[in-house]
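Some notes on the structure that comes next.
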Amino acid sequence: MITAYIGLGSNLDHPAEQVLRALDELDCIPESWLGRHSSLYASPPMGPPDQPDYVNAVAELHTALPALALLDALQSIENAHHRVRNERWGPRTLDLDLLLYGQEVIDLERLKVPHPGIARRPFVLQPLAEIDRDLQVPGMGRAQDLLNACEEQAARRM
Ligand code: ROI
C-alpha cells in the first residue's frame, strides 16, 4: 500500500460541491481507500486573474494502484465532472493533481511527482500541512516549512 496525496481544485459550477463530490469519488477508486482529508479552502486564482476564486482541498488516498493507473483513475473522475481542457491556467470544474505518491520521485512526460508547482502553491501547502505538517515532500522538505517559506497569497479556510 502506498499513501498518495491528491490536490483537489474547482472554480466553476458550484466549486465546493464539485470538491465534496470528488472526495466521495476518490473513495470509489479500485484498490484504494480514502484516508484523511483537509478542510475546504478558498483561494485567489493563480494564473489569469479574470476568473473566479477557487475552492481547494487535499486528500490522502491509500492505494495499491501503480502511479499511472491512479493518474488514469483521477482523469476519469475529472472527465465525469465535464472537465474541458481549454485555456492554459484557465477556469475548471475539477482538477485532481497527484501531488505525492509515497516518497517516490517520478519524472515522466505524463506525470511528475512531487507535483513541480507544490512549493509555490499555498492552496496546496495549507491543506497538506493541515493533514500532516511533518509530511516530507521528497527533494523539497517538510510541508509546514514549505508553507512558511511560500510568498504567494494565502488561502482561506472555509
Ligand atoms: N489557482 C488556485 N487558487 N487554485 C487552483 O486549484 C488552481 N489550479 C490551477 C491554476 C489555473 C494554476 N490556478 C489555480 O490549475
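For ligands, and for the atoms within them, numbers begin at 1 and follow the listed sequence.
At least one heavy atom of R92 sits under 4.0 Å from some atom of ligand 1. Note on ligand 1: G47 sits outside its first shell, no heavy atom being nearer than 4.0 Å.
Within ligand 1, the atoms closer than 4.0 Å to a non-hydrogen atom of P45 are 1 (N), 3 (N), numbered from 1 in the order shown. Ligand-side atoms of ligand 1 in range of P44: 2 (C), 3 (N), range being under 4.0 angstrom from any heavy atom. Residue contact check: F123 has heavy atoms under 4.0 Å from atoms 1 (N), 2 (C), 3 (N), 4 (N), 5 (C), 6 (O), 7 (C), 14 (C) of ligand 1.
With a 4.0 Å cut-off on non-hydrogen atoms, A155 does not touch ligand 1 at all. When heavy-atom distances to ligand 1 are checked against a 4.0 Å cut-off, S43 comes that close through both its backbone and its side chain.
In terms of protein heavy atoms, atom 8 (N) of ligand 1 is closest to Y54 CE2, 3.8 Å. Shortest contact from atom 10 (C) of ligand 1 to any protein heavy atom: M46 O, 3.5 Å.
Note on ring orientation: taking the six-membered ring where Trp is involved, the planes of W33 and H62 are tilted (angle from 30° to 60°).
Residues L61 and L70 share a closest heavy-atom pair of CD2-CD1, 3.6 Å. In this structure, A155 and Q126 approach most closely via the heavy-atom pair N-OE1, 2.7 Å. Contact record, P114 with M140: CB-CE, 4.1 Å, taken as the closest heavy-atom pair.
In the model, Q51 has a side-chain atom that pairs as donor or acceptor with a side-chain atom of N11 under 3.5 Å.
Using modelled atom types, no side-chain atom of Q153 and backbone atom of S43 make a donor-acceptor pair closer than 3.5 Å.
Inter-residue side-chain proximity for L74 and I29 is flagged as met; some heavy-atom pair is nearer than 4.5 Å.
Of the options D95, N56, V19, the smallest heavy-atom separation from atom 6 (O) of ligand 1 is shown by N56.
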